[in-house]
Amino acid sequence: MSSLGLTLVHTKYALLETARVPIAVIGTVVFPTLAFCLFVLPQRMVTSNSEFATGAIASMVVFAFMSAGLFSIGLDLADQRSKPWAPYLRTLPGAPGARIAGLVLATLAIAVVAMIPLLVVGGLFTEARPGWANVLAGIGLVIVTAVPSLLIGVIIGTTAGPKAAIAITQVAMFLLAFGGGLFLPPIMFPDWLDAASKVLPVRQAREIVVGAATGTGVPLWAALGIVAWTIVLGALAVWLYRRDQGRRFR
């Protein structure tokens, strides 16, 4: 079987495994929309302005992909490494990256589903009215810019045990979400926090997706930052995965 075929097989079974725990699917799908209802909808100044509302919805879509990448990949990988099945899979002749790629594709599929109720609620209860071209550009770019968050999930999953991964993921999500301007617009940040925030991959993803959705353009610094983070985190994830021998694989 080719690497692509093996990746699709892993994707299929990752989705089936997730579907067997309905509350996990419901939580992943509902959480971003719930955060939007609690943090954005009460702010009349934001919801009544088309540009502000579009930016807020785009920020929450970035949050949906970030949280899915951190929790689904990070916790799943950490849990798999603690069980005998994952070390056994690594003894088989199939490409080792296919399992990770399958998990990434399954996570992206669930994140896309989580985006739908968020867009519906945003369209119904705010004045956001972006053009279809902007919406499609934003959806495409949010998938591309989610790669660094997915890689952070891979790094957490290959370096931490199941219990430690939960704590690390929660701290990482808190820092990236607030530091990246997903819950509070960066315009409210003091200068020092704004400068520090621009270094984070989530802030760069937010600026790219918001720029595409509102039609204000994609900042060059954010695009270069995402590329740099993808290369660095990708190289680190590959190195850590190769170094990791699993608890029962040694």
Side-chain angles (χ1 to χ4, degrees), residues 31-70 111 114-115 117-150 152 170-230 233:
F31 186 41
T33 304
L34 186 62
F36 178 78
C37 293
L38 293 176
F39 285 93
V40 177
L41 286 187
Q43 302 181 51
R44 184 62 184 166
M45 185 181 71
V46 175
T47 59
S48 61
N49 182 290
S50 179
E51 183 176 346
F52 290 171
T54 302
I57 295 171
S59 296
M60 285 296 109
V61 171
V62 172
F63 175 73
F65 279 78
M66 181 202 72
S67 60
L70 292 178
M115 179 174 56
L118 181 55
L119 294 179
V120 171
V121 171
L124 290 176
F125 298 102
T126 74
E127 295 299 322
R129 297 294 182 269
W132 282 108
N134 298 104
V135 172
L136 294 177
I139 292 174
L141 286 173
V142 77
I143 295 174
V144 174
T145 57
V147 173
S149 296
L150 298 171
I152 293 174
Q170 288 175 334
V171 172
M173 189 192 72
F174 180 82
L175 292 176
L176 290 173
F178 279 95
L182 301 184
F183 292 155
L184 290 175
I187 195 173
M188 299 177 66
F189 288 174
D191 291 341
W192 67 269
L193 182 55
D194 185 51
S197 171
K198 288 181 177 178
V199 180
L200 299 176
V202 173
R203 169 67 186 279
Q204 295 157 2
R206 177 199 178 276
E207 297 299 327
I208 291 172
V209 177
V210 169
T214 59
T216 55
V218 174
L220 179 60
W221 63 267
L224 294 175
I226 281 291
V227 172
W229 273 113
T230 301
L233 292 173

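Since the model is a prediction, treat every value here as computed from it, not as a measurement.
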### Task
Can you sort out the partners of Glu127 under side chain to side chain contact (heavy atoms under 4.5 Å, CB included), two or more places apart, ordered by chain and number?
none

### Message
Let me confirm one number: the CD-CG distance from Gln43 to Asn49, rounded to the nearest 0.5 Å.
### Response
12.0 Å

### Task
Not counting sequence neighbours, which residues clear side chain to side chain contact (heavy atoms under 4.5 Å, CB included) with Leu184? List them please.
Met188, Phe189

### Message
Going by the rule side chain to side chain contact (heavy atoms under 4.5 Å, CB included), which residues pair with Thr126 if we only count those two or more places apart in sequence or in a different chain?
### Response
Phe36, Leu41, Thr47, Ala53, Ile57, Ala128

Result block: side-chain N/O donor-acceptor pairs under 3.5 angstrom for residues 210-224, not counting sequence neighbours:
unit_1 : atom_1 : unit_2 : atom_2 : d
Thr214 : OG1    : Val210 : O      : 2.7
Thr214 : OG1    : Thr216 : OG1    : 3.0

### Message
Under the side chain to side chain donor-acceptor pair (under 3.5 Å) definition, can you give me all pairs with a residue in residues 129-138, not counting sequence neighbours?
### Response
none

### Query
Taking the side chain from Trp229 and the backbone from Val202, do they hold a donor-acceptor pair closer than 3.5 Å?
no

### Message
Can you tell me how far apart OG1 (Thr33) and CE (Met115) are? Round to the nearest 0.5 Å.
### Response
11.0 Å

### Message
Holding to side chain to side chain donor-acceptor pair (under 3.5 Å), I want the full list of residues that pass it with Ser59, two or more places apart in sequence or in another chain.
### Response
Arg206

### Query
Within a radius of less than 6.0 Å around CG of Leu124, do more than 12 heavy atoms belonging to other residues, nucleotides or ligands occur?
yes

### Message
Show every salt bridge (Lys or Arg N to Asp or Glu O under 4.0 Å) that has at least one partner inside residues 216-228, sequence neighbours left out.
### Response
none

### Message
For Pro186 versus Gly181, what's the shortest heavy-atom pair and its separation?
### Response
CD-O, 4.0 Å

#### Entry: From CG (Leu34) to CG (Leu118), nearest 0.5 Å
11.0 Å

## Note on the structure
For Val121 and Cys37, the nearest pair of non-hydrogen atoms, with its separation, is CG1-SG, 4.2 Å

### Task
State which residues pass ring-ring contact (aromatic ring centres under 6.0 Å, His included) with Phe178; sequence neighbours excluded, sorted by chain then number.
Phe174, Phe183

### Task
Return the set of residues passing side chain to side chain contact (heavy atoms under 4.5 Å, CB included) with Met45 (not counting sequence neighbours), or none when no residue passes.
none

### Query
Quick one: side chain to side chain donor-acceptor pair (under 3.5 Å) pairs with a partner in residues 185-197, sequence neighbours left out?
Asp194-Arg203, Ser197-Arg203

### Query
Step by step, would you call Ile152 with Leu176 a side chain to side chain contact (heavy atoms under 4.5 Å, CB included)?
CA-CA 11 Å; Ile152 293 174; Leu176 290 173; 4.1 Å; yes

### Message
Which heavy atom of Leu70 sits nearest to which heavy atom of Ala172, and what is that distance?
### Response
CD1-C, 4.3 Å

Which atom pairs, donor and acceptor, lie under 3.5 Å between side-chain atoms of residues 60-67 and protein residues at least two apart or in another chain?
unit_1 : atom_1 : unit_2 : atom_2 : d
Ser67  : OG     : Phe63  : O      : 3.0
Ser67  : OG     : Ala64  : O      : 3.2

